[in-house]
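Counting from 1, the numbers follow the sequence of the chain as shown. In each ligand, atom 1 is the first atom listed, and ligand 1 is the first ligand listed. Being a predicted model, the structure only gives us computed values, none of them experimental.
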Amino acid sequence: MTITAFQALACPLDGDPLQRDGASWRCAAGHSFDIARQGYTHLLPVQNKRSRDPGDSKEMVAARQRFLNAGLYQPIAEAVSHAALADLPARASVSCLDAGCGEGYYLRELASAAREGQTLALLGLDISKWAVLSAAKQDNRTCWVVGSNANLPVQPGTLDRLLCMFGFPVYHEFARVLKPGGLLLQVDAGPDHLRELREIIYPTLKPERTGEAQVPEGFTPLATETVRYVLKLTGAEQIADLLTMTPHLYRASAEGRARAAALSELTVTVDVRLTRFARQTG
Ligand SMILES: C[S@@+](CC[C@H](N)C(=O)[O-])C[C@H]1O[C@@H](n2cnc3c(N)ncnc32)[C@H](O)[C@@H]1O
Ligand SMILES: [Zn+2]
């Protein structure tokens, strides 16, 4: 397996292709974006920032990094890597974006799942600079950028695969950047996801929102897969990390969070949907 440089970045101001020029990326119109010392590039124009420090906080990123690097969502990573790399010719060259990549776990796992002879060009994008910084520190083979799913700094029709893991899909952008026949792989919480944790932190359980029903314009649905298993969390830190990396941290009341903080072990169900869509041709 070879990881090659990602070549299809576009200027976030005008969409022109970006060319590497030493320690920066430049477009033909002269816009220039420095590559930070830690190896990532900021491609989110100030006017597209809705807040001063958008996306996940430093604490949320650190919690997710500990949790994921402990291998607790490894079956999810395996399913996604398998779906991304299945049915490829032996010497395939694949370009893949993780849109809302967090601290980069799923791209690291994809890189290690690729087979001999396969070549990957990887782009990880997140609106949180903390997430991208953490991703860049852990892996220097992938192109890491701060950017938004709402305005992807990617040239049209250039991607073979696009991952959206527990994220915020913007389908018209995903359709724009995928090649015809390219795959969108989306992972979302299923109805029983983390049910036991939710039972502890909420007075009554609302059904999990499941985003399965609609097929986005420009895509053809392929088979959906469920990844379901039981996860035993040991120690207060793992439980706190799981709460901190999910939206439940903000939705739960102070009493609910205190009940979770009092636990020293917890068994939770992991129940996620892996939805696959193919970008239509023509
Ligand atoms: C629930 S986390 C999932 C992170 C990662 N995909 C994972 O599963 O480990 C959602 C991520 O989306 C990012 N995010 C939020 N809004 C975004 C946007 N408009 N564009 C790109 N990323 C965004 C957050 O900063 C956060 O890292
Ligand atoms: Zn430009």
Do K232 and E265 sit within salt-bridge range, that is, some charged N less than 4.0 Å from a carboxylate O?
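The answer is yes: the pair qualifies as a salt bridge.
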As a test of reading the structure, name the N/O/S atom of H31 that is nearest the Zn ion (ligand 2).
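For H31, the N, O or S atom at the smallest distance from the Zn ion (ligand 2) is ND1.
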Restricting to N, O or S atoms of D14, which is nearest to the Zn ion (ligand 2)?
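It is OD2, the N, O or S atom of D14 closest to the Zn ion (ligand 2).
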If you measure every N or O of L68 against every N or O of ligand 1, does any of those distances drop under 3.5 Å?
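For ligand 1, there is no N or O atom that lies under 3.5 Å from one belonging to L68.
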Nitrogen or oxygen atoms of D98 and ligand 1 under 3.5 Å apart:
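In this structure, D98 places no N or O atom under 3.5 Å from an N or O of ligand 1.
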Against heavy atoms of [X], which atoms of ligand 1 measure under 4.0 Å?
X    : value
M165 : 3 (C), 5 (C), 6 (N), 8 (O)
G55  : 25 (O)
Y106 : 7 (C), 8 (O), 9 (O)
S128 : 25 (O)
G100 : 4 (C), 5 (C), 6 (N), 22 (N)

Looking only at protein heavy atoms, which one is nearest to [atom], and what is the separation?
atom                    : result
atom 23 (C) of ligand 1 : I127 CG2, 3.5 Å
atom 21 (C) of ligand 1 : N149 OD1, 3.3 Å
atom 19 (N) of ligand 1 : S148 OG, 3.4 Å
atom 24 (C) of ligand 1 : D126 OD1, 3.4 Å

P12 side chain reached by F33 side chain, heavy atoms, under 4.5 Å:
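With C-beta onward as the side chain, the pair touches.
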What distance do L263 atom CG and I201 atom CD1 have between them, rounded to the nearest 0.5 Å?
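Between atom CG of L263 and atom CD1 of I201 there are 10.5 Å.
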Ring-plane angle category for Y73 and H193, please: parallel below 30°, perpendicular beyond 60°, tilted otherwise.
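Ring orientation of Y73 relative to H193: tilted.
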Can you find a non-hydrogen atom of [X] under 4.0 Å from ligand 1?
X    : value
C101 : yes
F166 : yes
G167 : no

Could you check whether [Y] and [X], counting side-chain N and O atoms only, form a donor-acceptor pair closer than 3.5 Å?
X    : Y    : answer
W130 : D53  : yes
R64  : N69  : no
Y229 : Q74  : no
S95  : D160 : yes
Q65  : S134 : yes

Exceeds 12 heavy-atom contacts within 6.0 angstrom, atom CG of D87
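Not more than 12 within 6.0 Å, no.
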For ligand 1, which part of R64 has a heavy atom less than 4.0 Å away: the side chain, the backbone, both, or neither?
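It is the side chain that gets close, since no backbone atom is under 4.0 Å.
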Where A86 and R161 come nearest, the two heavy atoms and their spacing
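Minimum heavy-atom contact is O-NH2, 4.2 Å.
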